[in-house]
Amino acid sequence: MTGPQAPAAGRETSRKPRAPGRGVPLALLAPALLGLAFLLVPLLALLLRAPWRDLPGQLTSPAVWEALRLSLFCATTATALSMVVGVPLAWLLARTEFPGRGLVRALVTLPLVLPPVVGGVALLLALGRNGVVGQWLDAWFGVTLPFTTTGVVLAETFVAMPFLVISVEGTLRAADPRYEEAATTLGASRFTAFRRVTLPLIAPGIAAGAVLAWARALGEFGATITFAGNFPGRTQTMPLAVYLALQNDPAAAIALSLVLLAVSIAVLAGLRDRWMRTA
């Protein structure tokens, strides 16, 4: 005679994991949908109110093409300048130990939270004709930076370079430094190891940071108008042209805004592997 039958060996007793998205509390779902609507409705309104019939004529006007050409040139130049000085700066923050490194990192990322207009004022005080550095540039070399195309590039670099530095520094911290150490033990100099080993390893991070910096530079407004002004053909970029057109020709402002919206979507699509996928 046997007792009550024992549970079968190996019988699965764990419950199936609940599928994500089920049983969402209303207290979380309602504000989440409200936040989603808050972000999407303005973009939908821009698309709904766009003058689609007049759009080709708006986008082919000489003023629009001049602003677009200047924006692309300045944003690309600012991105290249950010890469030249930003990648070594990111390597310095990620690979070396020195007193005050945390403070330096905080100062590097400060333009991310600094109001762009304040950044423009700071650039004027530093690089203006009477600025801390600008007065010597004007006296020694006759170089005047404010209200020039070069001033646009510098303003965009100031606000865009932190995006590149953060992206590259994060990639450097994730990369294994033993590859660089192995290269140096085989006789390579530190710079050769950086150029032949480190750069190929962090190339995706550099590309992502460059795209983010380029998009930020393309959309820069506050620092540009403060430091470089709004002169058509010389300093008037697309965001400045949108601001000016909004006062006189709202249809042209919407058309220009659609161009910048399309660029932003293209940037987001280009970074989908980095920002839109989860493991």
Side-chain angles (χ1 to χ4, degrees), residues 67-95 104-120 122-123 126-127 145 148-175 194-195 198-228 235-242 257 259-277:
L68 180 59
R69 180 199 64 80
L70 185 64
S71 295
L72 294 176
F73 170 78
C74 291
T76 304
T77 306
T79 303
L81 182 59
S82 298
M83 292 177 65
V84 170
V85 298
V87 173
L89 178 57
W91 182 89
L92 185 70
L93 293 174
R95 286 286 192 265
V104 172
R105 182 181 292 110
L107 294 176
V108 167
T109 57
L110 185 60
L112 294 176
V113 296
L114 191 70
V117 175
V118 177
L123 288 172
L127 301 176
L145 297 176
T148 63
T149 303
T150 304
V152 177
V153 173
L154 294 178
E156 293 181 353
T157 303
F158 180 79
V159 299
M161 188 169 64
F163 289 88
L164 176 73
V165 174
I166 289 177
S167 178
V168 176
E169 184 189 0
T171 306
L172 278 167
R173 291 185 178 278
F194 172 77
R195 181 171 56 89
T198 307
L199 280 181
L201 285 175
I202 64 173
I206 294 177
V211 172
L212 287 175
W214 184 83
R216 179 64 185 89
L218 189 69
E220 166 52 31
F221 175 82
T224 301
I225 197 172
T226 305
F227 182 64
T235 65
Q236 187 180 88
T237 57
M238 288 285 285
L240 273 62
V242 171
S257 299
V259 174
L260 293 176
L261 177 62
V263 171
S264 301
I265 293 175
V267 170
L268 185 61
L271 294 175
R272 63 187 183 277
D273 291 336
R274 188 175 181 86
W275 299 106
M276 296 178 63
R277 289 185 182 180

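The first residue in the sequence is number 1, and the count goes up from there. These numbers come from the heavy atoms of this one structure, side chains and all, not from hydrogens, waters or symmetry mates.
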Between Leu93 and Val165, is the side chain to side chain contact (heavy atoms under 4.5 Å, CB included) condition met? List the steps.
CA-CA 9 Å; Leu93 293 174; Val165 174; 4.2 Å; yes
Hey, could you give me the OG1/CH2 distance between Thr77 and Trp214, rounded to the nearest 0.5 Å?
12.0 Å
Please evaluate residues Leu199 and Ile206 with respect to the criterion side chain to side chain contact (heavy atoms under 4.5 Å, CB included), reporting the C-alpha separation (whole Å), side-chain torsions for both, the decisive distance (0.1 Å), and the verdict.
CA-CA 9 Å; Leu199 280 181; Ile206 294 177; 3.7 Å; yes
Quick one: pull up CG in Leu145 and CG in Leu123 and give me the separation to the nearest 0.5 Å.
9.5 Å
For Pro111 and Phe158, which heavy atoms make the closest approach, and how far apart are they?
CB-O, 3.5 Å
Here the gap from Leu240 atom CG to Glu220 atom CD, rounded to the nearest 0.5 Å, amounts to 8.5 Å
Between Val85 and Met161, which heavy-atom pair has the shortest distance, and what is it?
CG2-SD, 3.3 Å
Quick one: do Val87 and Phe194 satisfy side chain to side chain contact (heavy atoms under 4.5 Å, CB included)? Show the steps, please.
CA-CA 11 Å; Val87 173; Phe194 172 77; 3.9 Å; yes
Nearest 0.5 Å, what's the OG1-CG distance between Thr237 and Leu70?
6.5 Å
Interatomic distance, CD1@Ile166 vs CG@Leu112, rounded to 0.5 Å, equals 4.5 Å
Taking all atoms of both residues into account, what is the closest heavy-atom pair of Ala210 and Thr79, and its distance?
O-CG2, 3.5 Å
Looking at every non-hydrogen atom in both residues, tell me the closest pair between Val152 and Cys74 and how far apart they are.
CG1-SG, 3.6 Å
Taking the side chain as C-beta and beyond, is there a heavy-atom pair between Thr224 and Thr235 under 4.5 Å?
no
Between the main-chain N or O of Leu164 and the side-chain N or O of Ser167, is there a donor-acceptor pair closer than 3.5 Å?
no
Presence of salt bridge, Arg216 and Glu156, under 4.0 angstrom:
no
Decide whether Trp91 and Thr198 meet the rule of one side-chain donor and one side-chain acceptor closer than 3.5 Å.
no
Ignoring hydrogens, what is the shortest heavy-atom contact between Ala213 and Ala160? Give both atom names and the distance.
O-CB, 3.3 Å
Nearest-0.5 Å distance, OG1 of residue Thr149 to CD of residue Gln236
12.0 Å
Run the side chain to side chain contact (heavy atoms under 4.5 Å, CB included) check on Thr157 and Val153 step by step: do they pass?
CA-CA 6 Å; Thr157 303; Val153 173; 4.1 Å; yes
Provide the closest heavy-atom pair for Ala228 versus Gly151 in the form atom of the first, atom of the second, distance.
CB-C, 4.0 Å
